[in-house]
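First up is the structure itself, then whatever we jot down about it.
Values reported hereafter were calculated over all heavy atoms of this structure, with side chains retained and with hydrogens, waters and symmetry mates removed. Lettering of chains follows the sequences in order, A, B, ..., and the numbering in each one begins at 1. Computed from a prediction, not measured in an experiment: that's the story for all the values here.
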There are 2 protein chains.
Amino acid sequence: MKSSVEPLKARRIYLLLRDRIVAGDLPPGGRLPGEPALAAEHAVSRVTVRRALDLLEKEGLVQRKPGSGTFVHDSRSVRPIVADLSNVLSHLIDMGRSTDVKLLSFGYVAPPEAIGESLGLKPGERVQRSVRVRLIDGEPFSYLTTHVPEWLGLTYSEAELAARPLLELIERSGVTTERATQAINATLAGPEAAAALDLEIGSPLLTLTRIVYEPSGRGVEHLHALYRPDRYSFHMDLVRIGDDGERRWSPAQGWPRAATKAKTEKNKPGEKPTRTPRAIKQRS
Amino acid sequence: MKSSVEPLKARRIYLLLRDRIVAGDLPPGGRLPGEPALAAEHAVSRVTVRRALDLLEKEGLVQRKPGSGTFVHDSRSVRPIVADLSNVLSHLIDMGRSTDVKLLSFGYVAPPEAIGESLGLKPGERVQRSVRVRLIDGEPFSYLTTHVPEWLGLTYSEAELAARPLLELIERSGVTTERATQAINATLAGPEAAAALDLEIGSPLLTLTRIVYEPSGRGVEHLHALYRPDRYSFHMDLVRIGDDGERRWSPAQGWPRAATKAKTEKNKPGEKPTRTPRAIKQRS
DNA sequence: GGAACCTGTATGATCGATAATACAGCTTTG
DNA sequence: CAAAGCTGTATTATCGATCATACAGGTTCC
């Protein structure tokens, strides 16, 4: 029975400070305790505190001013993209027109058992596997691994996949996409995803696994998406439906919210927070 | 400009193997390469590989058989709880009746600026802050931090909060909950959350931030929830509505899925995957 | 201007993680 | 049964992370 495996004290302090910052415990724009104070508080050396602050700075959560102090970055300049949940896919189609896509890998392989099973494939069937990275303003924010049955994948080319959203290509082939199931979860970045998303290994990631079915029940797309949480998150508005005994929340449909750009203003508390009425749906 | 800060080789290998396992690359029940082979493959010592495997084993992803090998854990015994998104809150109310809750902290404090603002409070107003942990089968799976305006919090006691779901208490007070907004994201476990959820610091967590409003627009509850991704995840079914130009996905409502217990069976590929028709809604 | 604070940087000592190696005990295979 | 492969365990050496300390230079405040 060995003692604890303490994975880096610097990381520990980094996480602790990060929590306090995102929780609003340390107000934006405020100065956080000096390095010597932090070192004493957490019983570590100043060098270690420094490395924790380095991580925070690299993440843009904190700004250092030599001689003055370290401050919580005021304008959260890198506001995450907001995906309305009731409408993720079409949202992605829109984004396919305003973001860049890098195709990292493309080929036909035998699928892992779990994926072949979820697509309802017979044992021998192969799939087209592709790995793509989506960039917004030149910065990567999602890492997409898709598996598509071979017969469907052959209806478009590698170049087309790099240029147009996959769902669009699938529909172009005549397949009707009728139903999908998806699951949202969290993981840590593995080596490939970390490299592609410009992150440290072990960074947190949002995951979305979606399987799209055509009306017959056949699976036509298996998507595994990894999102940088600082650049992407899922938002939704809920309204109450049913009453009393059967109370339940339901996503407010047809009400896609804008990216909540307000609130960057100082917006003195005491006034009701600004509410963004409607998103501007921009179509080309 | 310093060289790379490599946080633990063992962790790196752990993540790499974990990825391959959950991706189905290494099939469940299969044996993974021997420790010497892994050590050679990743150019590290066997001791390091061992520590990576220790992590996988502690997480239940892998099972070691001395003299034989290390195997991908077959039955994913600890199947995560599935929350249907269209219905999270009432789902939680139901769970409040079948799970344990531990109240870790309770008190009235001045809210962090961001939270006071989101609830629409005046500068001086205080809030009730509580931290709870939810357990299922004695195992913790969620870490909830809630902030409620003082006037509302005073309508129930600390003991009541530990026993009943917060939303129920809020409604009992006569407040009507009409609308809510929520965001889903991912982070790493900080020290407190890690301890409460029985995790290592730096483990990945699913986050849900929800603000509940009464009809007047006043915020009545600010919830920040952290979920263990191995024990909790969000699932939803989507259907296509609208056609062609305005294609969009919408959550399939009134169709709460069961916890998808099937698929534990071997379920030979080639047959259509079993689809669970309806959840059994159990009410007391 | 000067005192008190801060961040930036460097040093050598110390401790933990990793490497290299060896061996014990078990399982599988022939 | 014997050979080959595996996990479990131990030992010593090396390397990197952390510590304790010191000093340089900027900022803030009096």
Side-chain angles (χ1 to χ4, degrees), chain A residues 1-17 21 26-27 29-74 191 200-202, chain B residues 1-17 21 26-27 29-74 191 200-202:
Chain A
M1 201 56 54
K2 247 10 217 329
S3 69
S4 69
V5 184
E6 190 164 49
L8 282 272
K9 291 189 181 177
R11 187 180 189 82
R12 181 197 169 96
I13 295 175
Y14 153 71
L15 289 170
L16 196 130
L17 289 175
I21 290 175
L26 298 169
R31 212 198 77 208
L32 39 95
E35 293 174 3
L38 287 174
E41 180 184 348
H42 299 100
V44 296
S45 85
R46 195 162 80 93
V47 188
T48 305
V49 167
R50 232 138 186 294
R51 290 188 43 184
L53 293 178
D54 287 343
L55 292 173
L56 289 172
E57 187 180 29
K58 193 166 54 176
E59 223 170 84
L61 281 173
V62 115
Q63 193 174 355
R64 284 159 127 163
K65 296 183 180 172
S68 177
T70 303
F71 300 83
V72 178
H73 201 148
D74 201 347
E200 300 287 328
I201 289 179
Chain B
M1 196 73 38
K2 249 3 214 340
S3 69
S4 70
V5 184
E6 189 165 47
L8 281 276
K9 292 189 181 179
R11 186 180 189 83
R12 181 196 169 97
I13 296 175
Y14 153 72
L15 288 169
L16 198 133
L17 288 175
I21 291 175
L26 298 169
R31 211 198 77 209
L32 41 95
E35 292 173 5
L38 287 173
E41 181 184 346
H42 300 101
V44 297
S45 85
R46 196 161 78 93
V47 190
T48 305
V49 168
R50 227 131 196 299
R51 290 188 44 183
L53 293 178
D54 287 344
L55 292 172
L56 289 172
E57 186 179 30
K58 193 167 56 179
E59 224 171 83
L61 281 173
V62 115
Q63 192 174 355
R64 284 158 126 166
K65 294 183 181 172
S68 176
T70 303
F71 301 83
V72 178
H73 202 149
D74 201 348
E200 300 287 329
I201 289 178

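Taking atom CG of B/L53 as the reference point, atom P of D/dG8 lies 9 Å away to the nearest angstrom. For the pair B/E57 CD and D/dT7 C1', the computed distance is 11 Å after rounding to whole Å. Rounded to whole angstrom, the span from the OH atom of B/Y14 across to the P atom of C/dA17 amounts to 18 Å. In this structure, B/D54 places its CG atom 12 Å from C1' of D/dT9, rounding to the nearest Å. Put simply, CZ on A/R50 is 13 Å from P on C/dC6, counting in whole angstrom units. Taking atom CD1 on A/I13 and atom P on D/dA17, their separation rounds to 15 Å, with Å as the unit.
Residues that satisfy the side chain to side chain contact (heavy atoms under 4.5 Å, CB included) test with A/P33, not counting sequence neighbours, are A/A37, A/L38. Every residue meeting the side chain to side chain contact (heavy atoms under 4.5 Å, CB included) condition with B/P27, not counting sequence neighbours, appears here in chain and number order: A/E113. The side chain to side chain contact (heavy atoms under 4.5 Å, CB included) search around A/R64 returns A/E35, A/R50, A/L53, A/D54, A/E57, A/T70, not counting sequence neighbours.
The CG atom of A/L17 lies 5.5 Å from the NE2 atom of A/H42; values are rounded to the nearest 0.5 Å. Atoms CZ and CD, from A/R12 and B/E200 in turn, are 11.0 Å apart once rounded to the nearest 0.5 Å. For the atom pair OG (A/S45) and NZ (A/K9), the distance works out to 8.5 Å, reported to the nearest 0.5 Å. Remark: B/I21 CD1 to B/E59 CD distance equals 9.5 Å, nearest 0.5 Å. To the nearest 0.5 Å, the span separating NE2 on A/H73 from CD on A/Q63 amounts to 5.0 Å.
For the pair A/R51 and D/dT18, the criterion of a side-chain N or O lying under 4.0 Å from OP1 or OP2 is met. One finds no side-chain N or O of B/K9 lying less than 4.0 angstrom from the OP1 or OP2 phosphate oxygen of D/dG16. Taking side-chain N and O atoms only, A/R31 has no distance below 4.0 Å to OP1 or OP2 of D/dT28.
When every heavy atom of B/R51 is checked against every heavy atom of B/A10, the shortest pair comes out as CB-CB, 4.0 Å. A/A52 and A/Y14 make their closest contact through CB-N, 3.6 Å (heavy atoms, listed as atom of the first residue, atom of the second, distance).
Judged by closest nucleotide on DNA chain D, B/R46 is the one of B/R46 and A/T48 placed further toward the 5' end.
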Polar-atom pairs under 3.5 Å, protein N or O versus N or O of nucleotides 24-30 of chain C: list them with distances, or write none.
from	atom 1	to	atom 2	distance (Å)
C/dT27	O4'	B/G67	O	3.3

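Taking the C1' atoms of five terminal pairs at each end of the helix from C/dG1-D/dC30 to C/dG30-D/dC1, the two resulting helix axes are inclined by 40°, rounded to 10°.
Taken residue by residue, residues 32-45 of chain B places heavy atoms nearer than 4.0 Å to DNA chain C at B/V44, B/S45.
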